[in-house]
Amino acid sequence: MYALIDCNNFYASCERVFNPALRGKPIVILSNNDGCVIARSNEAKACGIPMGAPAFEYKHVFEQYDIHVFSANFTLYGDLSNRVMNILSNYSPDQEIYSIDECFLKLTGINCDLTEYGLKMRKQVLRWTGIPVSVGIAPTKSLAKAANRIAKKFTDKTGGCYVIDTEDKRLKALKWLEVDDVWGIGRRNAKKIKSLGVNKAFDFCQLSKTWVLKNMTVVGMRLQDDLNGIPTIEMEPVEPKQSIATTRTFDHDCRTFEEVRERIVTFTVSCAEKIRSQHSLCNALTVFIESNRFKENDEQYSNQALIKLPFPTSSAIELAKFALQGLQAIYKKGIGYKRAGVILMNFVPDTEYQQSLFYRSNPKHAKLMQAVDTINSKFGQQKVRLATQDKKIHKMRQERLSPNYTTKLNDIIEIKAD
DNA sequence: TCTGGGGTCCTAGGACCC
DNA sequence: TCTGGGGTCCTAGGACCC
């Protein structure tokens with residue numbers, strides 16, 4: 001059996017942990033630059049605020065319903081996530097952390113009553129961290145996802161844990177679950193499936209293999225089996241990432257090459273720091289730039305450049321040079337750029353790689369970067385920067401940021417008493 | 001004025017090989 | 001008039017997830 005444990009309205013719950021007065025009140029969390037709504041409490045959902053709502057368009061709704069608005073505080077959410085995952089790891093040796101707010105546990109060899117087991121997890125996480133979670137348990141991962149949905153939707157009845165352990169329960173769940181809510185069926189495929197008059201997960205399982213293969217590739221066929229109770233989607237071991245990206249939407253349109261160049265270098269430096277921390281070197285990178293798609297009257301342009309490196313490296317200095325080659329190749333004058341990014345890929349471990357006959361990474365850089373990483377981790381992000389980066393650190397708009405309650409040790413933080 | 005970010009997997013089609 | 005057959009590797013783009 002597999003369990004899927006999912007934190008309820010995770011970001012909103014994190015804000016509530018240290019500000020209990022917010023319990024029962026509507027909360028929304030905004031993306032970078034306070035752009036879009038990326039998380040909502042149940043109360044905020046009830047006010048009709050959709051996921052991804054642009055903050056400026058919904059300003060009046062926030063005021064009308066007295067909604068508490070927060071800038072995303074990923075430091076806080078990341079730390080609380082670690083605590084939740086740590087607790088849950090005690091319930092099975094086989095844990096897959098699937099995202100910041102959910103994980104799978106393989107419950108092989110657990111002989112007690114599974115509903116009790118799930119409720120125990122929920123209770124302990126709530127008491128130790130203040131984060132409410134829902135637990136779904138079933139014979140396959142996609143069914144555990146479905147069970148989790150039931151647990152969450154009918155918390156009053158289920159107490160926050162639902163187990164699919166009989167054929168009757170499996171069929172009942174699939175006949176209840178909408179096709180668009182099936183894990184692995186996205187907007188595009190849901191539309192295709194619905195055009196056949198199929199609306200429930202159960203009916204999706206009845207579709208012919210030929211149709212599924214043709215329209216949804218082998219991914220769809222695996223999902224069908226998994227929903228039918230044949231475990232097909234396995235636990236995934238933690239492995240180093242295959243690509244690492246830093247991408248941003250800017251708070252204004254950048255119209256000069258220098259401005260865009262500075263951002264690209266900063267993104268590259270950030271990516272380089274990330275691959276070093278997973279002990280990889282990269283062999284290729286992509287740079288992309290995009291105009292402002294919301295300004296329909298402006299000339300639209302977007303492009304990307306893939307640069308293959310002559311040698312594998314994780315040196316920010318070398319990577320920045322290659323990234324700028326890419327930028328130069330695609331940069332077009334006269335465009336207002338609104339978004340850009342850098343993606344590193346084709347990784348090899350930093351301990352074992354093929355030396356090129358003619359080119360190699362500057363051997364001094366490895367030590368230099370190590371020193372930079374040490375300094376920055378001790379004294380704060382970007383204390384040591386490349387000269388091509390901006391003199392001042394690019395500050396995001398974060399007008400409603402909560403304190404880093406759990407990770408900021410130097411400051412005294414006032415926590416409101418419950 | 002303002003509109004998110006970071007990943008994975010799969011496939012079709014092109015380039016190349018003998 | 002007529003133009004082989006069977007592979008592999010790579011990449012861009014599209015689907016999905018949170």
Side-chain angles (χ1 to χ4, degrees), chain A residues 4-7 9-11 28-39 49-60 62 69 71-72 74 77-78 81 96-104 141-142 145 148 179-193 212-223 232-234 236-253 267 270-271 274-275 278 283-284 286 288 290-296 298 302-308 336 338-347 396-399:
Chain A
L4 175 73
I5 302 94
D6 180 310
C7 301
N9 315 110
F10 182 54
Y11 297 168
V28 299
I29 319 296
L30 304 181
S31 62
N32 282 343
N33 286 319
D34 292 346
C36 290
V37 172
I38 54 167
I49 296 167
M51 190 66 170
F56 73 94
E57 279 178 15
Y58 279 79
K59 211 176 158 195
H60 64 284
F62 298 160
V69 181
S71 306
F74 291 112
Y77 311 152
S81 169
E96 177 190 338
I97 297 173
Y98 182 68
S99 73
I100 192 162
D101 72 337
E102 40 183 296
C103 75
F104 288 99
K141 283 171 89 176
S142 62
K145 272 272 190 186
N148 183 284
V179 129
D180 350 35
D181 294 335
V182 174
W183 182 50
I185 297 182
R187 258 209 318 267
R188 288 301 253 269
N189 283 325
K191 206 175 156 191
K192 269 193 231 166
I193 294 167
V212 173
L213 180 63
K214 194 178 161 207
N215 290 280
M216 302 175 67
T217 76
V218 294
V219 179
M221 286 182 58
R222 277 181 213 150
L223 178 60
T232 312
I233 306 171
E234 256 315 311
E236 284 174 20
V238 268
E239 260 158 31
K241 290 189 174 120
Q242 299 173 34
S243 68
I244 283 176
T246 304
T247 70
R248 287 286 176 282
T249 298
F250 310 143
D251 62 345
H252 66 283
D253 296 354
F267 298 160
S270 146
C271 285
K274 294 182 204 168
I275 36 166
Q278 72 159 30
N283 278 298
T286 292
F288 72 83
E290 286 173 18
S291 56
N292 190 339
R293 65 196 163 100
F294 295 102
K295 289 189 180 161
E296 288 169 11
D298 283 13
S302 71
N303 206 344
Q304 59 189 69
L306 171 70
I307 306 282
K308 296 198 161 188
K338 181 64 175 167
R339 201 168 92 90
V342 172
I343 305 160
L344 307 186
M345 54 212 157
N346 294 7
F347 297 157
M396 276 188 294
R397 196 176 339 150
Q398 290 182 308
E399 288 169 358

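Below, read A as the first sequence line, B as the second, and so on, with proteins coming before strands; counting in each chain starts at 1.
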Chemist: Checking base pairs now: Watson-Crick or wobble, both atom distances under 3.5 Å. What partners dC9(C)?
Modeler: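 Looking at the geometry, dC9(C) pairs with dG14(B).
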Chemist: Students often get this wrong, so: under 4.0 angstrom with heavy atoms, is N33(A) touching a base, only sugar-phosphate, or nothing?
Modeler: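 Counting heavy atoms under 4.0 Å across all strands, no contact is made by N33(A).
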Chemist: So N292(A), base contact, sugar-phosphate only, or nothing? Heavy-atom distance under 4.0 Å.
Modeler: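 Nothing, no nucleic acid heavy atom in range.
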Chemist: Consider the side chain of N189(A), meaning its heavy atoms from C-beta on, and name the nucleotide among dG6(B), dA12(C), dA15(C) that approaches it most closely.
Modeler: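 Output: dA15(C).
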Chemist: Of the nucleotides dC18(C), dG4(B), dC10(C), which has the atom closest to the K308(A) side chain?
Modeler: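 Within the option list, the nearest is dC10(C).
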Chemist: So does K145(A) pair up with D6(A), basic N to acidic O under 4.0 Å?
Modeler: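 No, K145(A) and D6(A) are not salt-bridged.
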Chemist: What's the CZ-P distance between F250(A) and dT1(B), to the nearest Å?
Modeler: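 Going from F250(A) (CZ) to dT1(B) (P), I get 20 Å.
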Chemist: So if I take every side-chain heavy atom of T217(A) and compare against dC10(B), dC2(B), dC10(C), which nucleotide ends up nearest?
Modeler: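 Among dC10(B), dC2(B), dC10(C), the one nearest the side chain of T217(A) is dC10(B).
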Chemist: Below the 4.0 Å mark, does dG5(B) have OP1 or OP2 next to a side-chain nitrogen or oxygen of T246(A)?
Modeler: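 No.
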Chemist: Taking for each residue the nucleotide of DNA chain B with the nearest heavy atom, is it K241(A) or S31(A) whose nucleotide lies nearer the 5' end?
Modeler: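 Its nucleotide being nearer the 5' end, the pick is S31(A).
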Chemist: Does the side-chain ring of W183(A) lie flat on the base of dC17(C), meaning centres under 5.5 Å and planes less than 30 degrees apart?
Modeler: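 Stack criterion not met.
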Chemist: By nearest atom, which of the nucleotides dG6(B), dC18(C), dC2(B) is closest to the K295(A) side chain?
Modeler: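 For K295(A), the side-chain atoms sit closest to dC2(B).
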Chemist: In whole Å, what separates the P atom of dC18(C) from that of dT3(B)?
Modeler: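 Those two atoms are separated by 25 Å.
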Chemist: Could you label the plane-to-plane angle of the F74(A) and Y77(A) rings as parallel, tilted or perpendicular, counting under 30° as parallel and over 60° as perpendicular?
Modeler: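 The rings of F74(A) and Y77(A) stand perpendicular, inter-plane angle above 60°.
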Chemist: Just N and O in the side chain of T247(A): are any of them under 4.0 Å from OP1 or OP2 of dG6(B)?
Modeler: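 Yes, such a contact exists.
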Chemist: Side chain of V218(A) only, heavy atoms from C-beta on: which candidate in dT11(B), dC2(B), dT3(B) is closest?
Modeler: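 Side chain of V218(A) sits closest to dT11(B).
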Chemist: Identify whether any heavy atom of I185(A) sits under 4.0 Å from a base atom; if not, whether one sits that close to sugar-phosphate; answer base, sugar-phosphate or nothing.
Modeler: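 Sugar-phosphate contact only.
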Chemist: Just checking K145(A): base, sugar-phosphate only, or nothing, at a heavy-atom cut-off of under 4.0 Å?
Modeler: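 Touches sugar-phosphate only.
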Chemist: Would a distance-only check, ignoring hydrogens and angles, find a side-chain to backbone donor-acceptor pair under 3.5 Å from N32(A) to M396(A)?
Modeler: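 Not a single qualifying donor-acceptor pair exists.
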Chemist: In whole Å, I'd like the distance from the CG atom of D180(A) to the C1' atom of dC16(C).
Modeler: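 Atom CG in D180(A) sits about 14 Å away from atom C1' in dC16(C).
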Chemist: Does V219(A) or D253(A) map to a spot on DNA chain B nearer the 5' end, using the closest nucleotide for each?
Modeler: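 First, find each residue's nearest nucleotide; the 5'-ward one identifies D253(A).
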Chemist: Which nucleotide, dC17(C), dG5(B), dT3(B), lies nearest any side-chain atom of T249(A)?
Modeler: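 Out of dC17(C), dG5(B), dT3(B), the nucleotide with an atom closest to T249(A)'s side chain is dG5(B).
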Chemist: Measure CG/L344(A) against P/dG7(B) and give the value in whole Å, please.
Modeler: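 Rounded to the whole Å, the gap is 9 Å.
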Chemist: Base, sugar-phosphate, or nothing for V342(A), non-hydrogen atoms under 4.0 angstrom?
Modeler: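 Contact class for V342(A): none.
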Chemist: Between the side chain of N346(A) and the main-chain N/O of A284(A), is any donor-acceptor distance below 3.5 Å?
Modeler: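 No, the answer is negative, given that no donor and acceptor are paired below the 3.5 Å cut-off.
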Chemist: Using a 6.0 Å cut-off, check whether atom CD of Q304(A) has over 12 heavy atoms from anything other than its own residue.
Modeler: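 Check fails, neighbour count at 12 or below.
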Chemist: Is it true that the NZ or CZ of K141(A) lies under 6.0 Å from the centre of F104(A)'s six-membered ring and within 45 degrees of the ring axis?
Modeler: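 Yes.
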Chemist: Could you state the atom-to-atom distance from CG of L223(A) to P of dC9(B) in whole Å?
Modeler: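 So the two atoms are 16 Å apart, to the nearest Å.
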Chemist: Can you check whether S243(A) has a side-chain N or O nearer than 4.0 Å to OP1 or OP2 of dG6(B)?
Modeler: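 Checking S243(A) against dG6(B): no side-chain N or O falls below 4.0 Å of OP1 or OP2.
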Chemist: Nearest whole Å is fine: how far is dT8(B) P from I97(A) CD1?
Modeler: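 Going from CD1 in I97(A) over to P in dT8(B) covers 16 Å.
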Chemist: Rounded to the nearest angstrom, tell me the gap between atom CZ in R293(A) and atom C1' in dC2(B).
Modeler: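 One finds 13 Å between C1' of dC2(B) and CZ of R293(A), rounded.
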Chemist: Within less than 4.0 Å of OP1 or OP2 of dT1(B), is there a side-chain N or O belonging to K338(A)?
Modeler: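 For K338(A), the contact criterion (side-chain N or O under 4.0 Å from OP1 or OP2 of dT1(B)) is not met.
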Chemist: Check the distance between dG5(B)'s C1' and I244(A)'s CD1 and give it to me in whole angstrom.
Modeler: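 Computing the I244(A):CD1 to dG5(B):C1' distance gives 14 Å.
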Chemist: Can any side-chain N or O of S81(A) pair as donor or acceptor with the backbone N or O of I100(A) at less than 3.5 Å?
Modeler: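 It does hold such a pair.
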Chemist: Among dG7(B), dC16(C), dG5(B), find the nucleotide with the atom closest to the side chain of R188(A).
Modeler: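 Taking heavy atoms from C-beta onward, the closest nucleotide is dC16(C).
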Chemist: Let's see if you can work this out: which of dC2(B), dG6(B), dT8(B) has an atom nearest to the side-chain heavy atoms of Q242(A)?
Modeler: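 In terms of side-chain proximity for Q242(A), the closest of dC2(B), dG6(B), dT8(B) is dT8(B).
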Chemist: Under 4.0 Å from OP1 or OP2 of dC10(B): is there any side-chain N or O of R222(A) that close?
Modeler: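 The answer is yes; a side-chain N or O of R222(A) sits under 4.0 Å from OP1 or OP2.
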Chemist: May I have the distance from M221(A) (atom CE) to dC16(C) (atom C1'), rounded to whole angstrom?
Modeler: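 Answer to the nearest Å: 18 Å.
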Chemist: Which nucleotide wins on minimum distance to the side chain of R397(A), given the candidates dC2(B), dG5(B), dC18(C)?
Modeler: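 The closest nucleotide is dC2(B).
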